[in-house]
Trainee: 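One structure, as structure tokens, below. Some questions next.
Values in this document were obtained by computation on a predicted structure and should not be read as measured data.
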Amino acid sequence: VEYKGSIPPGERGALLADLQSAFDDLVGEDIATTIETLPKDDAEKVCNRLANNFNFSEIQEDDVRVVTVAGWPCPCGGT
């Protein structure tokens, strides 16, 4: 997931540790995950089906990689 914003330098270490712990928990749960490439219009419909959380006007590519974890799709730039 792409993040826009800033995290104060003094908080980054603790946040990274929290994120790593949460990630480890998710991996341990063996939650269903899929990765697919969709045309931009289809990806926008899928990713914004519940709420308009993603601004697809910023995506320049015709196709978008979408990662779905536990039924929640999210555009992913491949980081």
Side-chain angles (χ1 to χ4, degrees):
V1 175
E2 305 301 325
Y3 173 76
K4 292 184 179 177
S6 63
I7 299 169
E11 297 176 18
R12 293 177 187 169
L15 178 60
L16 184 58
D18 289 345
L19 288 171
Q20 184 65 56
S21 177
F23 178 76
D24 292 343
D25 290 345
L26 287 172
V27 170
E29 292 177 26
D30 196 26
I31 295 171
T33 302
T34 60
I35 299 172
E36 58 189 329
T37 302
L38 300 173
K40 184 178 174 179
D41 290 341
D42 292 345
E44 184 171 12
K45 290 174 190 170
V46 168
C47 294
N48 286 329
R49 75 176 197 269
L50 299 175
N52 194 18
N53 292 325
F54 304 102
N55 182 358
F56 277 77
S57 67
E58 297 176 353
I59 298 174
Q60 302 301 315
E61 295 80 15
D62 293 332
D63 295 318
V64 178
R65 185 169 86 159
V66 176
V67 176
T68 303
V69 178
W72 293 91
C74 178
C76 179
T79 53

Trainee: Sub-3.5 Å donor-acceptor pair from the side chain of Thr33 to the main-chain atoms of Ile31, do we have one?
Mentor: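 Checked: pair present.
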
Trainee: List the atom of Asn48, the atom of Asn53, and the distance in Å for their closest heavy-atom pair.
Mentor: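 Heavy atoms of Asn48 and Asn53 come nearest at OD1-N, 3.1 Å.
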
Trainee: Is there a donor-acceptor contact under 3.5 Å from the side chain of Asp63 to the main chain of Thr37?
Mentor: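 No.
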
Trainee: Hey, any chance Val67 and Phe54 share a hydrophobic cluster, counting ILVMFWY side chains that come within less than 4.5 Å of each other, even indirectly?
Mentor: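 No, it is not one cluster - the side chains of Val67 and Phe54 are not joined through contacts under 4.5 Å.
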
Trainee: Shortest non-hydrogen contact from Pro73 to Arg49?
Mentor: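 What the structure gives for the nearest pair is CD-NH1, 3.0 Å.
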
Trainee: Pair Cys47, Val66 - check side-chain contact (heavy atoms from CB on, under 4.5 Å), show working.
Mentor: CA-CA 8 Å; Cys47 294; Val66 176; 3.8 Å; yes

Trainee: Working to the nearest 0.5 angstrom, can you tell me the gap between Glu11 CD and Ser6 OG?
Mentor: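 Going from CD on Glu11 over to OG on Ser6, the span is 9.5 Å.
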
Trainee: Would you give the length of the straight line joining atom CD1 of Ile59 to atom CD of Glu44, rounded to the nearest 0.5 angstrom?
Mentor: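 Nearest 0.5 Å value for the CD1-CD distance: 8.0 Å.
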
Trainee: Hey, does the side chain of Arg65 reach the backbone of Ile35 with a donor-acceptor pair shorter than 3.5 angstrom?
Mentor: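 Checking the backbone N and O of Ile35 against the side chain of Arg65, no donor-acceptor pair under 3.5 Å is found.
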
Trainee: Under 3.5 Å, side chain of Lys40 to main-chain N/O of Val64, donor-acceptor pair present?
Mentor: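 Between the backbone of Val64 and the side chain of Lys40 there is no qualifying donor-acceptor contact (under 3.5 Å).
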
Trainee: Drop me the distance from Ser21's OG to Leu26's CG, to the nearest 0.5 angstrom.
Mentor: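 One finds 9.5 Å between OG of Ser21 and CG of Leu26.
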
Trainee: Please walk me through it: do Leu16 and Arg12 pass side-chain contact (heavy atoms from CB on, under 4.5 Å)?
Mentor: CA-CA 6 Å; Leu16 184 58; Arg12 293 177 187 169; over 6 Å; no

Trainee: When clusters are formed by joining ILVMFWY residues with side-chain heavy atoms under 4.5 Å apart, either directly or through shared neighbours, do Ile7 and Leu19 land in the same one?
Mentor: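 The answer is yes; both residues are in one hydrophobic cluster.
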
Trainee: Check the surroundings of atom CG in Asp18: do more than 12 heavy atoms from other residues, nucleotides or ligands lie under 6.0 Å from it?
Mentor: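 More than 12 within 6.0 Å, yes.
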
